[in-house]
Amino acid sequence: MDKIFPVTVVGSWPRPKWLLDALRRKREGKISDEEFQAIADEAVLIAIKYQEDAGVDIISDGEQRRDNFYSFVADKIEGVELKTVAEFIDFAEDKAAFEELLRKLDVPAFSIRTPIVTNFIKKKTPIALNEAKFLKEHTNKKIKVALPGPYLLTRSSWIKGISDKYYKRKEDLAEEFSKILREEIKLLRDNGVDFVQLDEPVLMEVLYGPELSVQTFMCAALTAKENPRDELRFALDILNKTVEGISGVRLGVHICRGNWSKSEDAQLKGDYYPLLPFLLDMKVNQYVLEFATKRAGSIDVFKDYPTEKEIGLGVVNPKTDEVEKPEDIINFVEKALNYFKPERIFLNPDCGFGTFAESPVNTPKVSFLKLKSISKAASILREKYH
Amino acid sequence: MGKVINGLDVESLKSLIEEAKKNQEFVQKINKWYARVRWAGSGFTFNSYVRNHSFTISEPSELGGPDKGPNAVEYVISALGACYSTGFILNATKRGISIKNLEVAIEGEIDNILVFLGLSNEGHPGYRKIIAKAYVEADCDEKLVKEIWEETVRTSPVGNTLARNVEIVPQISLIK
Ligand SMILES: [Zn+2]
């Protein structure tokens, strides 16, 4: 039988400097993809070793081959191109929204690269199969692969004035992303992936973005015109369409409030309460949620929404330098036990440690210690609740 | 044609500057500028005619306009950004530095817009403060970029217009 309180990760691991150099050289066309993958293999082995040594039960490849958790699909899907805002702003209809965002983020248009749909989309190569295969070959642990969710992909890449030439409504594009992802999930399952996690961070932006003046380019196309309830309904429908009826693999959805800098103030804030009615209708096995950061609010939101689903409980904050103590983790898990049975609680950090290649939120050393602290807490909890 | 940097022929740029040194007529020509702004005949829409160009000035809908173009105060800050950009490219090119990307983000704060609307006599309806932030991508060190920026700001015609008191001579004629 599987052990209770399994320890896992959300996905990314801080990348070594030589990998960042290789990533840059690949982008500039100075090395081939093959050369880059060989370099990345070495980085993945390091990420595996850290996780294994820390006692993680379900490990990832640290997303070492990706520039971030969603842009990398531009290499995998035809019709999706990585473009700077400077390159597409002349064609975008809502120029003012981009201008506002650039100002808030204090960045020039030429420095922001984002995947946008510039043609009909079609899968070129599997999205994460190469990652999964290499990971599987080099560990005996269970493995997890994160994929950008269908709503995130649609939301970030459909830009009015450009993408609507091919997909009149963003809903039409979402259908296509959904098909591609559905096929990918099955492929990953058939190749031995135990856990597929769909990342949907923009759901929090839908809820809390506009009020907070903290927005990202993932949500650039989202304007005030849209009603959050309609958006969440749309996100839920497309997610369910993507995963419905797929068995033989654990399916999770990860929702967080941003992980682009170490600064807590720069991220979104607000609890899961307004999201829960939608969350509970998602046809996934597990919610992978932040709870270590105060910005995520209380776990007591589940009081009004009891569920039989699993929870991937965020018990350490990847952004802080201080390592959480196992006792504190245990205390928090015991609070979660009011709402979830022991066999339905997974333990993980709030988010990845290196969501964006160029701006990891922590060092490998601290990241490792945080994971270790989680596994220590898990083994004490297992003793107590077996 | 000589060496081209930033899309500019460095030799002809230098001879242009040489020309300004000795040709009095040329200097007179580039020392004075003209524009004619015409009301489009309805609402807050105006067209400016400049040499063989024209552009529209309008007001956004929240100010009762048809939003057919930027408004006059937006043109002022755009002019400042454009002036800084022109100067930056000129000064970088003179030094032989190629610029990959240049962007100037400008934010202007009006002292008291209520004066313009006739609702207040406090302060004035002009810009109180303008922040101009340049982002540059170039293969050169930061010290040099700062040096070019300082020279640009110091010698900017629009920057100087805004920072100094300009003598404005308003006149009006009624045509019957
Ligand atoms: Zn996250």
Side-chain angles (χ1 to χ4, degrees), chain A residues 20-21 23-31 67 71 81-114 116 159-161 210 212-217 220 223-225 260-261 263 266 356-359, chain B residues 6-7 55-63 65-71 73-89 92 97-110 127 129-140 142 145-146 148-149 152-153:
Chain A
L20 295 178
D21 288 341
L23 205 57
R24 219 168 299 135
R25 293 210 308 275
K26 186 185 93 166
R27 195 167 55 223
E28 289 164 359
K30 289 179 182 155
I31 56 170
D67 51 352
S71 289
E81 281 186 277
L82 217 49
K83 291 218 177 268
T84 66
V85 179
E87 286 171 312
F88 70 73
I89 188 84
D90 287 334
F91 309 100
E93 194 176 273
D94 196 354
K95 295 178 179 62
F98 287 102
E99 170 52 29
E100 201 182 327
L101 213 44
L102 290 170
R103 216 176 324 118
K104 274 177 198 157
L105 297 172
D106 185 16
V107 288
F110 62 79
S111 74
I112 297 286
R113 243 178 222 91
T114 188
I116 64 168
I159 290 174
K160 201 164 184 194
L212 254 177
S213 78
V214 186
Q215 257 190 326
T216 68
F217 275 87
T223 57
K225 280 169 265 166
W260 49 86
S261 89
S263 156
F356 295 88
E358 303 285 347
S359 50
Chain B
N6 302 324
F55 54 88
T56 301
I57 302 113
S58 181
E59 287 293 343
S61 53
E62 61 262 34
L63 283 171
D67 203 18
K68 283 188 181 160
N71 70 13
V73 284
E74 288 167 330
Y75 271 108
V76 171
I77 50 176
S78 295
L80 178 65
C83 191
Y84 280 168
S85 302
T86 309
F88 197 91
I89 294 296
I97 293 159
S98 52
I99 303 296
K100 274 192 215 141
N101 267 299
L102 170 66
E103 236 170 275
V104 184
I106 307 138
E107 190 180 314
E109 197 182 343
I110 299 284
Y127 281 122
K129 187 178 177 183
I130 297 174
I131 302 169
K133 182 166 187 177
Y135 302 92
V136 184
E137 190 187 354
D139 276 329
C140 71
E142 204 172 342
V145 167
K146 284 194 169 145
I148 297 172
W149 178 238
T152 300
V153 170

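In what follows, chains are A, B, ... by sequence order, proteins preceding strands, each numbered from 1.
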Is it true that, when you exclude Glu142(B) itself, more than 12 heavy atoms of the residues, nucleotides or ligands shown sit nearer than 6.0 Å to its CD?
no
Could you check whether atom NZ of Lys30(A) has more than 12 heavy atoms from other residues, nucleotides or ligands sitting under 6.0 Å from it?
no
To the nearest 0.5 Å, how far apart are CG in Asp106(A) and NZ in Lys133(B)?
3.0 Å
On a heavy-atom basis, the closest approach of Tyr135(B) and Val107(A) is OH-N, 3.6 Å
Looking at Leu102(B) and Phe110(A), what are the two nearest heavy atoms and their distance?
N-CE2, 4.2 Å
Does any backbone or side-chain atom of Glu137(B) lie under 4.5 Å from a heavy atom of chain A? Answer side chain, backbone, both or neither.
both
Measuring heavy-atom distances to chain A, does Lys100(B) have an atom under 4.5 Å in its side chain, in its backbone, in both, or in neither?
neither
